[in-house]
Amino acid sequence: MIKLPESGLSAAERFALDLLVDLARLVPAAPALDVVRLELTNQPARDLRSWMAAQWGIDVADGVVRVPRAVLGTVVDVAGAASEQRTTERDRYRRVSSSANPLVREGLEREPVIQRAALALQAATRKAAGRRAFRTVAPWPEGRRWAAAFTHDLDVVSWWPAFTLLRIVELTRKGALARIGRVAAAAIANAGFDPVTQGVVGVLNHEANAHIRSTWFILCGTPTLRTMRAGDLTYSPESTRARGILAQVCAIGHEIGLHGSFATLDHPEAFRDQRQRLEGITGPPVRGIRQHYVRINPGVTEHAMAGAGFSYDTTYGFPDRNGFRLGIADVVQRWDDSAKKPIAIDEVPFTWMDRALSKYRGIEDPAAWSKDALELATTARAVGGLWVGLWHPNLTPALGFPDAPRAYGATVAGVLAESPFVAPLDTIVQWCRARRAVRASAITADGKVEASTGAKVPFQLRLEDADGKAAEATR
Ligand SMILES: [Zn+2]
């Protein structure tokens, strides 16, 4: 538990402090309670590495933790993506260049640095508590200490031989000649079959065997020659094959979200049109969105997403490398740095994507992609956080990716071996919102803490004491 300053904070500082307290899983407490109080101090700003080396400048006294105001600025820059909102650097898809990300600039994108700052705050608060009551909220449901989510973007449905040819061109350019032979053989063997649906079924089988549910993002516009050439829309969601795939995915209880097409970047109303069109096919609700090619205009596009009724976005990952783009392995609210206010949508940053190493780093061995996934999962687990993986179901031998399906199986098995909580993203977002809403209102004479989430939530949350042992449940 912790008592936060009630005044004297700018909107950005309030956003950053709430975010740190949430990631620290500290329970904000009513002013009258005898628990640790947080104060802000004025220290000169530092760069990221020097804040990390200085344990974020957090100071501990009896019943008080002091956090430098300047740290809050860093939190907004990184986890609020304020730095990315200030840059004008764009790549050829009009995305913010990865090189403009503050963590990439420091070579720190594989570290959830802001989450580590929050854990430093948690440790300092525990130390400052002394004999005062101390509680955190349990991180994940079912007593799990970290979480994982498996997600898929459905980019390919129609015209599969064209994708095989494009991939052969890519492999030729890279000189991966041995692979080309295997791709061609697989493609010829699949002539007259449907390797796209087979790829989807392969992913569904891996997940059914592991007893997990995943989240699928579906393109939902009308393809034209122009959109196909651009690598944008290449299939109609109403086509027989797409409907067949959606029916299979829905029948098992996986979540369906929208994969926003290129048009959404310049035409905000397209979000609502595409969302409604998708709900017309799969039935409501469609709550999640991820942008095709991760094209997002930070601080701007999220307003359009929220306005179209999405409750979460999961676009914040790097296209060309894997890691923690916002410095966190969790769910956070989005921030508009021009208007200096939060945006009414949650962000679930993705950590790892199959094609990041292949398309941009020239690493064509799927086993290496899987190894990278598991490394980042280990990091997410170390901070009690969330790992989100993105696997494209079109990565099959006939479509240009020998050995890839087996690597997906290895990734699922490797992640599950460390016992995370696994769920579709909508469930994870709902849990995180409930966790964020917990407030402590009283401590009884026998030392019991009364806490509640305020509104009805689909979960019962547990508090944990200073030793990490299960304590009270929320009301
Ligand atoms: Zn896509």
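Along the sequence shown, the residues carry numbers beginning at 1. In listed order, ligands and their atoms are each counted from 1.
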Checklist entry - Does a side chain donor of either D194 or Q198 reach within less than 3.5 Å of an acceptor in the other side chain? => result no
Checklist entry - How about H392: does one of its N, O or S atoms come closer than 2.8 Å to the Zn ion (ligand 1)? => result no
Checklist entry - With the Zn ion (ligand 1) as the point of reference, which N/O/S atom of H292 is the closest? => result ND1
Checklist entry - Distance under 6.0 Å and angle within 45° of the ring axis: does K359 meet both against F401? => result no
Next on the checklist: Tell me whether the count of non-hydrogen atoms from other residues, nucleotides or ligands lying under 6.0 Å of CZ in R406 goes above 12.
Outcome noted: no
Next on the checklist: Looking only at the side chains, is there a donor atom on one of E207 and H152 sitting less than 3.5 Å from an acceptor on the other?
Outcome noted: yes
Next on the checklist: At less than 2.8 Å, would any N/O/S atom of D153, backbone or side chain, sit next to the Zn ion (ligand 1)?
Outcome noted: no
Item to check | N, O or S atom within D155 nearest to the Zn ion (ligand 1), by name | outcome: OD1
